[in-house]
Amino acid sequence: MLLTDKPTPEPVDEADRLMTICNACRYCEGFCAVFPAMERRRFFSEGDLTYLANLCHGCQGCYHVCQYAPPHEFEVNVPKAFSRLRVESYARFAWPGFLARAFESNGLVISLLSGIGLALVIGLLFGLQNPDVIFGAHTGEGSFYRVIPHEAMVWPFGIVFLLAIAAMIVGGVRYWRATAGAAQVPLSFGAILGGIWDTLTLKNLGGGGGGCTYPDEKFSYARRTYHHFTFYGFMLCFAATSVGTIYHYGFGWIAPYGYFSLPVVLGTVGGIGLLIGPAGLLALKMRVEPAPQARELMGMDVALLVLLFLVSLTGLVLLALRETSAMGTLLAIHLGFVLAFFIALPYSKMVHGVYRLLALIQDASERRAG
Ligand code: SF4
Ligand code: SF4
């Protein structure tokens, strides 16, 4: 029988096999938080393995140094096994459960959602609005809302966004119960702060101090840098929307705001970060060493990065051309991508942020407990 004919083991079984080997070897214990967490255990429950998989940042460091990596008969490939188990956990804890299948062929799902979001917003705009209004140039206070009424934007987008957040919270609670909750990990305020700090700094993509071996065997901070652009770019865009909401409802100041106003500055800087970060991560992904990757999961990563890039690009183009006759069409295109992003949020790679944060809080808790 050919090697490639071997059946693929279940993700949790393969992770259990590899952690048992690694716990005897322990060569990689200084690489990241996973190996010290592994060493705190002699046996691995499904909750332990799910936690370790979500603690892994996929830096590939342990694969490149491993003396038991393929073609060795042990076939140790920790990043690949953990990435399969991570995605399996995203589906296992998804809410509502019947939408868990969105994690299969996730790239296709996100592409379809983008098409549906665009078709919906553009179709409604062109079906319900006067073409003279859509293709007219509008300036001054409330110009966006002359094309798409404020209520028509706020209610559907607000409801979809709140449902997405609720789904992510339910998923996070389910994850915590199955991992840290099942292990009865003591939780403290200091551990929560420690986990948040490790998340914000991406400490575990620092390797032993010289960065991680991604996209190849050379040590580099490229992945951490582009991830920071993406994460902080996203947070600045979120802050821009929040400030805009306060301006609208708190002060009665109606968008669009001046180019040097706080929401526009936050949104512009964040938007540029959301172009650089996803573009850089995509470029690294195109060059990445294939063996430590679960190739079938590549679509999930690429789809989210492309969607984030398009949300940002269409937002910045809209900002630049908001006083021209293209504004109506650009507004619909931008909102179409935003709608797709909101719907996809709990069923995309974005959920890794929730599970990684919780895994880092569990890690900080365990380290404090000793
Ligand atoms: S990945 Fe390989 S080298 Fe590292 S601890 Fe596991 S078996 Fe040892
Ligand atoms: S891939 Fe990186 S983060 Fe994951 S277990 Fe290996 S060294 Fe740790």
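Predicted model only: the values in this text are computed from it and were never measured. Sequential numbering from 1 along the given sequence is applied to the chain's residues.
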Given the options Trp95, Tyr51, Tyr355, Tyr175 meets ring pair (Phe, Tyr, Trp, His ring centres under 6.0 Å) only with Tyr355
Residue pairs meeting ring-ring contact (aromatic ring centres under 6.0 Å, His included), one or both in residues 104-134, sequence neighbours left out, come to Phe126-Phe135
### Task
Determine whether Glu39 and Arg26 make a side-chain contact, defined as any pair of heavy atoms from C-beta on separated by less than 4.5 Å.
yes
Just wondering, do Met350 and Phe234 contact through their side chains at under 4.5 Å, heavy atoms? yes
- Message: For the residue pair Arg322 and Tyr259, would you count it as a cation-pi contact if the rule is NZ or CZ under 6.0 angstrom from the ring centre and within 45 degrees of the ring axis?
- Response: yes
request  = Check whether any side-chain heavy atom of Leu18 lies under 4.5 Å from a side-chain heavy atom of Phe74, and answer yes or no.
outcome  = no
Next on the checklist: So Gln60 and Arg223, do their side chains get closer than 4.5 Å, heavy atoms only?
Outcome noted: no
Evaluate salt bridge (charged side-chain N to carboxylate O under 4.0 Å, His left out) for Arg367 paired with Asp198, printing each intermediate quantity in order.
CA-CA 13 Å; Arg367 278 188 279 123; Asp198 290 345; 3.2 Å; yes
Short side-chain to backbone donor-acceptor contact, Asn204 and Cys32, under 3.5 Å
no
*Polar side chain donor-acceptor pair, Ser143 to His138, under 3.5 angstrom*: no
Say whether, by atom type as modelled, one donor and one acceptor occur between the side chain of Asn23 and the main chain of Met19 under 3.5 angstrom. no
Nearest heavy-atom approach of Phe157 to Phe342 is O-CD1, 3.8 Å
For Ile134 and Leu125, the nearest pair of non-hydrogen atoms, with its separation, is CD1-O, 3.6 Å
Hey, are the side chains of Tyr214 and Cys59 touching, using non-hydrogen atoms and a 4.5 Å cut-off?
no
So the salt bridge (Lys or Arg N to Asp or Glu O under 4.0 Å) pairs with at least one residue in residues 104-116 (sequence neighbours excluded) are Arg101-Glu104
Item checked: Basic-acidic side-chain contact under 4.0 Å: Glu75, Lys80 -> no
In short, Val65 meets Cys28 closest at the heavy-atom pair CG2-SG, 3.8 Å
Scanning both residues in full, the closest heavy-atom pair of Leu307 with Phe341 reads CD2-CA, 3.8 Å
ask   = Hey, is the main chain of Cys62 close enough, under 3.5 Å, to the side chain of His64 for a donor-acceptor pair?
value = no
In short, salt bridge (Lys or Arg N to Asp or Glu O under 4.0 Å) pairs touching residues 265-293 with sequence neighbours left out are Lys285-Asp301
Rounded to the nearest 0.5 Å, the CG atom of Leu202 sits from the OG1 atom of Thr225 at a distance of 9.5 Å
The ring pair (Phe, Tyr, Trp, His ring centres under 6.0 Å) partner of Trp253 among Tyr257, Tyr249, Phe251 is Phe251
Carboxylate-amine/guanidinium contact Arg92 Glu88, below 4.0 Å: yes
Worksheet item: Is there side-chain contact between Phe144 and Leu331, with at least one heavy-atom pair below 4.5 Å?
Response: yes
Would you mind checking if Asp48 and Arg42 are paired as a salt bridge, meaning a charged N to carboxylate O distance below 4.0 Å? no
Is a salt bridge present between Arg17 and Glu14, judged by a nitrogen-to-oxygen distance below 4.0 Å? yes
**Asked** Given side chains that start at C-beta, do those of Ile148 and Leu335 come closer than 4.5 Å, heavy atoms only?
**Response** yes
Nearest heavy-atom approach of Gly328 to Val147 is CA-CG1, 3.8 Å
**Study point:** Charged tip of Arg174 within 45° of Phe93 ring normal and under 6.0 Å
**Key:** no
Minimal heavy-atom distance between Ala102 and Val109, with the atoms involved, is O-CG2, 3.7 Å
